[in-house]
2 protein chains.
Amino acid sequence: METPNAAELLAALGHESRLSVFRLLVEAGPEGIVASAIGDRLGLPPATLSFHLAHLSRVGLIRGQKESRFIRYCAEYATMDELIAYLTRNCCQGASCLPKTATCDTIAKRRQCAGEGA
Amino acid sequence: METPNAAELLAALGHESRLSVFRLLVEAGPEGIVASAIGDRLGLPPATLSFHLAHLSRVGLIRGQKESRFIRYCAEYATMDELIAYLTRNCCQGASCLPKTATCDTIAKRRQCAGEGA
DNA sequence: ATGATATTTCGACTATTATGGAAACATGGA
DNA sequence: TCCATGTTTCCATAATAGTCGAAATATCAT
């Protein structure tokens, strides 16, 4: 991951298929999902899926890990956190503007991506 | 504004120039800024600026209001709020994952866009 | 009216992104 | 080794997005 700027992250998520992939991975949790399962779930042909997975990986929103002959992808929560933090800072100039997002424990409930921290 | 989905909002912000425009408008506050001033500030030629302003308006992230021969644009905070809320929901599945955004008053500090609510 | 200024629309062009079949590249199992 | 499977890369193509000069439109001032 080469510290992409906010616009790059936003653009990466600004595509229906990629956003769906990301959502699926968040939903899947730290376990992650194998690429082909994502393709099945979203009905994307292998080449197209690979293209989008590569894009999301490049900007650091997801991470893939080889697992025998599969590749298991999982969401990189930290990157998303940074993005949300950026938007929040940017939208509110420091003050919070999130009436809809009342949950605000500062818990560092860090999820480990399966096999992270090698 | 025709209820754009998250991907559309993300894509709109996923461009360096548009993100800069939006940031500028947030910084400017409820007053907003006149289009030409944005162009001066960011060094964008009129046609290009107009294109991006139209895009941001279309998805409801900004709003323009004619003011004699100028058009004064201001950020639509509500739309951004919704986007952040969506991402937060989506990133965290309900639980907060925002260690960096500790400010969390639920104040409905609603900013009125100059001349809003007509 | 005429001219100056602000903004958009038009139009032509360039650049970037997306799509997906087919071939190549693993990897695991018989 | 040979085949089946998962994934990527290659490639050609299609589709979309971005750029910006110039013309059009709007509004104000004189």
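Just so we're on the same page: letters track the sequence lines, and every chain starts at 1. Keep in mind it's a predicted model, so treat the numbers as computed, not measured.
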Main chain of A:Leu44, side chain of A:Thr48: is a donor-acceptor contact present, judged purely on distance under 3.5 Å?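 Side chain of A:Thr48 to backbone of A:Leu44, a donor-acceptor pair under 3.5 Å: no, none is there.
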Less than 4.0 angstrom between a side-chain N/O of A:Lys66 and OP1 or OP2 of C:dA26, yes or no? no
It should be established whether B:His15 places a side-chain nitrogen or oxygen under 4.0 Å from OP1 or OP2 of nucleotide C:dT16.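 Indeed not, no polar side-chain atom of B:His15 lies that close.
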Rounded to whole Å, how long is the line connecting atom [atom1] of [X] with atom [atom2] of [N]?
X: B:Tyr73; N: C:dA6; atom1: OH; atom2: P; value: 15 Å
X: A:Leu19; N: C:dT17; atom1: CG; atom2: C1'; value: 17 Å
X: A:Arg18; N: C:dT17; atom1: CZ; atom2: P; value: 9 Å

My understanding is that a hydrophobic cluster links ILVMFWY residues whose side chain heavy atoms are under 4.5 Å apart, including indirect links. Using that, what else belongs to the cluster containing B:Phe70?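 B:Phe70 clusters with B:Val34.
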Hits for side chain to side chain contact (heavy atoms under 4.5 Å, CB included) against A:Arg69, two or more places apart or cross-chain, chain-then-number order -> none
Along DNA chain D, first and last positions that approach a heavy atom of chain A under 4.0 Å: D:dA4 to D:dT9
Can you list, in residue-number order, the parts of residues 43-51 of chain B that come under 4.0 Å of DNA chain D, counting heavy atoms only?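 Result for residues 43-51 of chain B: B:Pro45, B:Ala47, B:Thr48, B:Phe51, sorted by number.
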Return the polar atom pairs (N/O with N/O) between nucleotides 1-5 of chain C and the protein under 3.5 Å, or none.
residue: C:dT5; atom: O4'; partner: B:Arg69; partner atom: NH1; Å: 3.1

Do you know which of B:Ile62, B:Val26, B:Leu13 makes side chain to side chain contact (heavy atoms under 4.5 Å, CB included) with B:Met80?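 One option only clears the test, and that one is B:Leu13.
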Student check: side-chain heavy atoms of A:Ile38 and A:Leu25 closer than 4.5 Å: yes
Within residues 10-25 of chain B or reaching into it, pairs that qualify as side-chain hydrogen bond (donor to acceptor under 3.5 Å, both in side chains) - sequence neighbours excluded: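 Pairs touching residues 10-25 of chain B that pass the test: A:Asn5-B:Glu16, A:Tyr86-B:Arg23, A:Asn90-B:Arg23, B:Arg18-B:His52, B:Arg18-B:His55.
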